[in-house]
There are 4 protein chains.
Amino acid sequence: MKELLETVVENCRDSWRQGHVATYIPELAKARADATGIAVWDLSSGLSGAGDTDFTFTMQSVSKVVSLALALSECGEEKVFSAVGMDPLADPFNSIMRLEMDAPHRPHNPLINSGAIVVLSLLPWKESRDRMAAVSDMAARMTGRKAVAVNEAVYLSEKGTSDRNRALAWFLKSVGNLEGDIEDILDAYFRQCSLEVTCGDLAVLGATLAADGTNPVTGERVVSPRVARVVRTIMATCGMYDGSGEFAVTVGIPAKSGVGGGIAAAVPGRMGIGTCGPALDRKGNSVAGLAMLRRLSEELKLRIY
Amino acid sequence: MKELLETVVENCRDSWRQGHVATYIPELAKARADATGIAVWDLSSGLSGAGDTDFTFTMQSVSKVVSLALALSECGEEKVFSAVGMDPLADPFNSIMRLEMDAPHRPHNPLINSGAIVVLSLLPWKESRDRMAAVSDMAARMTGRKAVAVNEAVYLSEKGTSDRNRALAWFLKSVGNLEGDIEDILDAYFRQCSLEVTCGDLAVLGATLAADGTNPVTGERVVSPRVARVVRTIMATCGMYDGSGEFAVTVGIPAKSGVGGGIAAAVPGRMGIGTCGPALDRKGNSVAGLAMLRRLSEELKLRIY
Amino acid sequence: MKELLETVVENCRDSWRQGHVATYIPELAKARADATGIAVWDLSSGLSGAGDTDFTFTMQSVSKVVSLALALSECGEEKVFSAVGMDPLADPFNSIMRLEMDAPHRPHNPLINSGAIVVLSLLPWKESRDRMAAVSDMAARMTGRKAVAVNEAVYLSEKGTSDRNRALAWFLKSVGNLEGDIEDILDAYFRQCSLEVTCGDLAVLGATLAADGTNPVTGERVVSPRVARVVRTIMATCGMYDGSGEFAVTVGIPAKSGVGGGIAAAVPGRMGIGTCGPALDRKGNSVAGLAMLRRLSEELKLRIY
Amino acid sequence: MKELLETVVENCRDSWRQGHVATYIPELAKARADATGIAVWDLSSGLSGAGDTDFTFTMQSVSKVVSLALALSECGEEKVFSAVGMDPLADPFNSIMRLEMDAPHRPHNPLINSGAIVVLSLLPWKESRDRMAAVSDMAARMTGRKAVAVNEAVYLSEKGTSDRNRALAWFLKSVGNLEGDIEDILDAYFRQCSLEVTCGDLAVLGATLAADGTNPVTGERVVSPRVARVVRTIMATCGMYDGSGEFAVTVGIPAKSGVGGGIAAAVPGRMGIGTCGPALDRKGNSVAGLAMLRRLSEELKLRIY
């Protein structure tokens with residue numbers, strides 16, 4: 001496996017040139033554009049990695065998987081899916097238009113910004129601090145680390161530039177689909193986006209979902225098999241923003257990307273995969289990550305369809 | 001004239017039954033639904049009135065005419081119309097969708113919510129207090145009163161329920177079309193909406209615009225003839241929300257309505273008209289106001305088209 | 001007047017360089033881009049002209065004024081305005097989106113393509129030939145000519161390239177807002193767009209509307225004063241496509257433009273104006289026409305607002 | 001298996017009461033609303049069925065799978081996916097708005113109406129008759145029947161009422177995304193929608209896709225393994241109209257529904273499933289079909305995610 005991963009990295013090393021590091025959050029713009037790394041946690045043989053496996057980056061939208069898993073566990077499917085839908089959509093991840101156009105103005109799925117903000121608001125902790133503690137604890141349990149820390153510089157940068165997310169949140173509140181203190185919820189949202197990880201962490205996170213909710217490193221049952229499966233399904237249909245349909249055809253694995261450059265993928269019953277590569281394509285997905293996952297999926301016949 | 005106005009009020013007294021008092025701002029919901037009043041300031045013969053001329057109500061969107069006149073005077077047409085458009089539009093007054101759909105995400109005109117918020121942000125006063133003082137001073141000068149006061153109960157009610165306007169403001173900020181402190185600008189916006197007047201005040205305001213900017217009560221030149229004409233034109237094409245086109249055909253006078261139930265109209269060179277009637281139609285215009293203006297326009301042949 | 005018009009043409013001769021001749025209908029693309037002409041029919045002093053007053057061009061959307069006047073006369077306001085709205089809108093003239101987005105999927109006004117197609121379908125003649133004869137007869141009566149002929153080359157070109165109009169028509173039919181044979185109605189539409197005129201013809205057409213429906217050349221009452229006024233009003237709010245709001249501010253006269261390069265304007269009680277200049281701005285309005293009307297409106301204080 | 005299917009039918013027999021037979025095509029409205037049938041072709045044990053397995057119905061949108069498989073085989077992935085996208089979308093299957101809103105005005109995927117029309121237009125046969133013969137031949141090869149016949153009554157009914165599809169087609173042509181004779185292409189589209197089948201036929205069709213393109217009844221390799229997998233993937237993300245995301249979560253199998261009441265599903269490497277039940281939910285999917293597939297998926301653990 002290690003050899004295969006090294007070939008994959010080798011072959012995809014240059015793909016970052018076709019993308020651009022996210023710049024709308026100033027702190028993200030400082031990332032090393034050519035970092036390229038991959039890690040696999042095979043459920044039968046454990047961890048392998050290649051390339052920039054030490055490179056750290058923030059989870060960004062990958063964290064939506066964490067808060068979704070937490071909300072499904074804490075509140076149940078019924079509550080979560082009466083507040084957000086399960087529908088993939090062909091609009092950018094931060095579109096307000098879509099929300100206004102479609103009654104009942106409910107976010108289409110939990111992996112777009114508006115949906116993730118609503119998911120956070122459902123969590124049963126009243127205090128912002130407790131809510132955030134629960135999310136980062138879940139992140140730790142899914143990645144098998146003692147703790148996952150917030151990158152303070154990114155968090156502050158995010159907080160200072162997220163006017164669109166504020167607009168989404170106020171719109172949701174205006175139509176009665178978001179309860180609680182807006183700045184409080186957004187604060188938790190910015191913090192969860194700023195959780196810092198490596199591609200190895202994302203591989204374990206993916207493996208936890210692939211193993212029906214049991215973390216293969218710690219042996220802990222983190223979420224129920226049903227929650228794991230629902231999360232994998234939503235990742236498969238909605239995980240790559242409006243590039244989810246094409247990703248299903250070209251790669252064919254449940255996965256979630258983030259504008260920090262990471263992607264976490266879960267091959268049911270087989271393995272978790274984490275990739276990093278901060279240069280993004282037009283839709284916000286890591287160019288190197290897409291290239292490596294495509295290659296790996298072909299080599300190991302990982303497609304689920 | 002007085003006799004004519006009394007007939008007009010008599011004939012339109014019952015029209016309020018076809019409308020509903022605005023409820024989205026709790027304090028507005030308390031208004032007397034059947035209040036019906038009209039006042040005319042004829043440039044050659046002065047003031048006449050009939051019906052509930054003592055009824056007080058908040059200006060709401062009629063105040064957008066005041067801040068537009070102020071901004072045009074202080075900043076010039078070029079600055080104002082590079083920040084907001086001059087286009088009537090067939091969307092509700094608080095639509096975000098429209099803003100997102102059309103590059104460059106500039107409010108279509110200064111009389112919809114997003115446009116009025118941008119107009120306020122252009123005013124040259126840094127301090128919120130000074131900005132608001134300038135707006136209420138302009139309101140006083142246009143209505144010929146010493147001062148126009150904020151209805152504190154409505155202001156607080158408005159401030160507590162204007163999540164949609166917050167969404168609009170944050171969206172505008174996110175696309176670079178709104179500068180300054182959001183809550184500060186919105187505070188001024190809520191205050192200007194809460195300025196309290198009678199239909200007589202709106203008649204004088206209309207007459208000031210009809211008289212090319214000179215207040216006929218005080219004799220003060222409040223704005224330049226050019227500013228008065230631009231404001232009248234924008235009122236004619238955009239003043240009645242998405243009912244502006246129909247109003248042009250059925251009434252045919254530059255006018256601006258507010259959800260407080262008031263309408264101010266300006267017949268160029270002839271008169272200003274103010275009406276009140278808190279019951280609104282589906283588009284947010286005073287039902288009694290529309291009926292009275294239609295009647296008066298027919299009787300006095302006021303149409304400009 | 002003639003002297004003034006010559007100065008106006010002189011000053012605007014070069015403005016065509018800022019526009020482009022319409023190319024989506026191949027035959028229109030052949031027009032002389034720099035043709036620039038203006039004619040005025042003053043209700044008190046008759047015809048004056050300057051520049052390329054011999055230049056012929058097809059009416060295109062100016063013909064929508066003719067069919068609207070005919071439909072209002074033949075079917076009455078109630079029938080016409082239950083089939084189409086009176087609302088200006090900020091969308092391009094051929095947008096389907098707008099129609100689909102807004103229930104009841106009724107064209108927003110009679111001067112956009114979908115609206116004009118519906119207006120034609122309302123006419124009481126069953127046979128396509130008779131319907132078209134009635135429209136060209138009305139064009140003749142409004143312009144004071146014996147007959148207005150179809151430019152066959154433009155008509156065929158139009159017919160061969162109007163797929164978007166076919167899409168609009170079928171959409172309208174699918175939602176129950178268009179009755180009759182689609183190709184038949186569209187044929188009449190393409191023919192009316194291809195009626196050939198000079199700017200002098202448009203000046204008389206405008207003067208007929210300005211004179212409350214009586215053609216000042218022939219003395220014939222072509223339409224009722226009420227129909228004339230309704231048509232003028234709709235021209236004022238919707239006549240210049242999505243540039244109508246700006247035109248009201250900068251020029252301030254009821255007018256209708258066409259992509260053939262013509263504009264017809266009606267100053268109530270004073271005069272009709274016709275201009276030509278095939279180079280169009282981004283919104284589809286004649287660049288030279290806009291420049292000349294702006295100039296003339298300033299010189300003669302023609303603004304109605 | 002037969003016993004299981006009988007239990008499934010039994011349990012879902014009443015679910016049709018929650019839906020409505022499609023009425024927009026008059027001939028479809030005549031279908032027996034309570035027909036409920038299911039068939040499974042297990043790749044290891046062959047055919048079983050229960051309920052109304054003799055009930056015949058038209059393929060409607062299920063036929064889009066047939067023409068997609070044909071186009072991918074004849075024209076290649078590159079050509080097909082440069083003409084249509086691969087993106088699921090949250091809009092109804094016949095939305096024009098979506099097409100107009102998103103440049104480059106390309107249908108979002110091959111399983112919505114606009115996409116299926118474009119797919120048909122790509123087929124290499126010039127003559128309408130030949131094109132249609134190729135489609136019905138492919139339907140026969142996928143279902144293992146000698147021939148699949150067009151239901152003439154439905155075809156004519158469809159042809160007479162498909163104004164929206166005509167609008168879609170003309171719009172696509174107007175933006176340069178559809179070549180060829182519109183009525184000709186639409187005729188083939190209406191015919192393919194009217195191909196008549198039973199749930200057993202759909203089970204074999206699904207099994208052919210599940211078996212990587214080899215028909216398990218005839219042993220013929222109908223399409224390549226790659227085409228079969230691409231088709232299965234597109235079915236998984238886009239097959240159930242705007243209910244695809246929810247179907248993935250609740251059922252989790254690649255499937256395609258039609259408003260005739262049929263659903264064809266393909267469980268990779270395991271089985272094909274066909275269901276019938278003409279009563280549809282709000283999104284156009286068979287209510288009984290959804291209920292039976294959900295049940296079967298749970299019982300046999302068919303989920304791919």
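Note that the structure is a prediction, hence the values are computed from the model and not measured. Each chain gets a letter, A, B and so on, in the order the sequences are listed, and its residues count up from 1.
For the options A:Glu77, A:Arg232, A:Arg229, heavy-atom pairs under 4.5 Å to chain D are most numerous at A:Arg229. The choice from A:Thr237, A:Ile304, A:Thr250 that makes the most heavy-atom pairs within less than 4.5 Å of chain D is A:Ile304. The greatest number of non-hydrogen atom pairs below 4.5 Å with chain A, out of D:Thr233, D:Asn109, D:Val230, is found for D:Thr233.
Enclosure of atom CZ in D:Arg295 is not indicated, since only 12 or fewer non-hydrogen atoms of other residues, nucleotides or ligands lie within 6.0 angstrom. In this structure, D:Arg141 places its CZ atom where more than 12 heavy-atom neighbours from other residues, nucleotides or ligands lie under 6.0 Å away. In D:Arg270, the CZ atom is crowded: over 12 heavy atoms of neighbouring residues, nucleotides or ligands sit closer than 6.0 Å.
The shortest heavy-atom contact between D:Gly245 and A:Pro88 is CA-CD, 3.6 Å. Taking every heavy atom of both residues into account, D:Ala236 and A:Tyr305 meet most closely at CB-CE2, 3.4 Å.
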Derivation of the side chain to side chain contact (heavy atoms under 4.5 Å, CB included) call for A:Ile234 and D:Val249: CA-CA 7 Å; A:Ile234 304 269; D:Val249 171; 3.8 Å; yes
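Put simply, CZ on A:Phe81 and CD on D:Glu246 are 9.5 Å apart, with the number rounded to the nearest 0.5 Å.
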